[in-house]
Amino acid sequence: MAEVICPENILEEIQLGELLPTVMEKKNAGMRLAQACAAFIDGKFELSYSFSDDKTYQLVTLRVVIDPSEEVPSITEIVPQAVFYENEMKELFGVKIQMITTDYKDKFYRIEEVAPFGPKKEDA
Amino acid sequence: MGKRSIIPYGPQHPVLPEPIHIDLVIEDERVIEAIPSVGFIHRGLESLVDRRDIHQLTYVIERTCGICSFGHGMGYCETMEDIFGVEVPKRAKFLRTIWFELSRMHSHLLWLGLLADAFGYENLFYQCWRIREKVLDLIEMTTGGRVIFSVNKIGGVLKDISPEHLRLIDSSIDDIKAELEVIKKTFIEDSTVQSRLRGIGIITKEQAHALGCAGPVARASGIRCDMRKRGYEAYQFLDFEPIISDAGDCFARCYCRLMEVFQSIDLIHQAIGMIPDETDISIDVKGNPTGESFIRIEQPRGEAVFYVKASGKPHIDRFRLRTPTFANLPGLCEMLKGAELSDVGLMVVTIDPCISCTER
Amino acid sequence: MSVLKYAPEALKNLFRPPVTTSYPFKPFEPADRTRGRIEIEIDQCIGCGMCVRACPSSALTVDKNAGKWTINRFDCIACGFCVEKCPKKCLSMQQFYQEPGPEKNEVTYTKSPEVLAEEARKREEAAKKAAEAKAAMEAKKAAEAAAAAKEEK
């Protein structure tokens, strides 16, 4: 029988201002960005940045809850591979992300509608 | 310094199984930068959660992809089971594992065929797909579908495998193994294959970690990361080691996937030997749960992340599926930098791109 | 490392019979569990609509009173969820596939006239019974009200 080491996943709720320092901390701890996604729930954006520890298979998720009008700093300067995740958030949900290193300007997903999963136009 | 120009690569290209578009900035014959874009087959499956209930979603999410479909359905069910707080019966866990490994076998054999096709070895391509057909027959015999299994439900599985069928699988995969040995010899020893794959598209261990590569791409670069070691389903009872290679080139990725087919055969033997003789294969779940959960499983193409947020309503709030190809895109861009234009097709194939998964 | 590793196998292939079947001339052999297409024993159907609510691709419609069950075979994804959900088990998965066609169309199954007549009779009976029960209930209520009015006096 194989040994199994899989601690519980962690969900940390943080403020928007703490995002960059916390991401830096996770990166320095040797963790890998496993995924980043947005969700539009009850008029708020919930951004999740999940970091994986490949030695223990633990997943640590950073959760930032913001208003649709708020601007989010990009983490691509720290974690370059977040480019695709952030462009996805921006194009499918309309999250305002500042300073993405490679900003596709709505050309990553070649779809007709702008921000189809985000807030509807009449709500905004 | 030569003149720079941009070549649009895809979405229609002979080597590409699925539509991805890459803008290649080239100087003479050398790629300087690669900028991918997706969305040609974006179907908005993630937004279907508003209109379909949690049980219907099992079938919708399974159809995200035609090749790794079983894993997607299973990952979603596991995530919902985590939110419901239920444990599936032990036999269901083993059945899921057997089907999952069969689907890994057929996915890897398909990929080996595509790789052989990409470097122009048509005969090898036919042989890989001929063997794959036998795996598909086993899958059709036990589930009723060839690539879309539709046997998962939240709380277990819908169909059982009879003892005769288990024995048949046990003996059939031995035949498949014997045929694979011939192909393995060609892939690993043939000098034409070697000269086409060795030293091309190298990703070092550090790069693979920094770029967040997943699955066989990461393992080929020496990262010991296999989500099956997380011990979900019956993997906690099985004995295996992730297959790792150090070179990080196209050959290493080919080697990892080839050896994983053998590993899958071994895992199926182990699972069939250990499967408990119970009649319970599913439990009923009722109501609309509240909670959220992240679950990661090892798809044939790498680590897939499932996220569900539910708040007690008939429809869940958010479903998110981070597919392995999405994680491997940054790795692909890095790989393509400095490559010869003629190697681009081969490199795109070696990350095993599944664009339908990526766009959902 | 050597060249022509595969040559012996490739040569053997020349003398092997083909592994593919010549399909239209040799019929397709499905497995026992093959999910082909949905069939219904329409006279068993009670028109509950469980299958309509279960269908992930909205391919089904049911008209209970007219005894009609309609499927759009080109929308159906053959997942088998309706078969799973059917309380009367009158839906089944057949092992042959839907034939292709030039356009999407719906197929409607209607219950046989005898079954429909029987159902209509039952409905009428039930309606009569309900009406009788209602009348009895009203009479009882009126009597109670009258009694209450008497007591108040």
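Proteins get letters first, then strands, A, B, ... in listed order; numbering begins at 1 in each.
- Looking at B:Ala210, only its backbone comes within 4.5 Å of chain A, counting heavy atoms on both sides.
- Contacts between B:Glu334 and chain A at a heavy-atom distance below 4.5 Å are absent for every atom of the residue.
- Ionic pairing of B:Arg318 and A:Glu46 is not present here: no N-O contact between side-chain nitrogen and carboxylate oxygen is shorter than 4.0 angstrom.
- Of the two parts of B:Tyr232, neither the backbone nor the side chain holds a non-hydrogen atom closer than 4.5 Å to a non-hydrogen atom of chain A.
- Once rounded to the nearest 0.5 Å, the distance linking CD of B:Gln207 with CD of A:Gln81 reads 13.0 Å.
- Shown here are the ring pair (Phe, Tyr, Trp, His ring centres under 6.0 Å) partners of A:Tyr49, two or more places apart in sequence or in another chain: there are none.
- If you measure heavy-atom distances from B:Glu303 to chain A, the contacts under 4.5 Å come from the side chain alone.
- For A:Gln15, the CD atom sits in a loose shell: 12 or fewer heavy atoms of surrounding residues, nucleotides or ligands are nearer than 6.0 Å.
- When the shell of 6.0 Å around CD of A:Glu70 is examined, it contains more than 12 heavy atoms from other residues, nucleotides or ligands.
- Atom OG in A:Ser52 sits 12.0 Å away from atom CZ in B:Phe294 (nearest 0.5 Å).
- Atoms CG and CD1, from A:Leu59 and B:Ile295 in turn, are 9.5 Å apart once rounded to the nearest 0.5 Å.
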Step-by-step side chain to side chain donor-acceptor pair (under 3.5 Å) determination, A:Tyr57 to B:Arg296
CA-CA 9 Å; A:Tyr57 295 104; B:Arg296 292 182 295 164; over 6 Å; no
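- The side-chain heavy atoms of A:Ser48 and B:Arg320, taken from C-beta on, include no pair separated by under 4.5 Å.
- Separating the CD1 atom in A:Ile41 from the CD atom in B:Glu292 is a distance of 7.5 Å, to the nearest 0.5 Å.
- Proximity of A:Arg32 to B:Cys213: side-chain heavy atoms (C-beta onward) are nowhere separated by under 4.5 Å.
- Side-chain atoms of B:Cys333 and A:Phe84, non-hydrogen and from C-beta on, do get closer than 4.5 Å to each other.
- A heavy-atom distance below 4.5 Å is not found between the side chains of A:Ser50 and B:Tyr307.
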Run the numbers on B:Phe326 and A:Gln35 for side-chain contact (heavy atoms from CB on, under 4.5 Å), then give the verdict.
CA-CA 9 Å; B:Phe326 204 94; A:Gln35 71 100 26; over 6 Å; no
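- Proximity to chain B is limited to the backbone of A:Ala36, based on heavy atoms less than 4.5 angstrom apart.
- The side-chain heavy atoms of A:Tyr85 and B:Arg322, taken from C-beta on, include a pair separated by under 4.5 Å.
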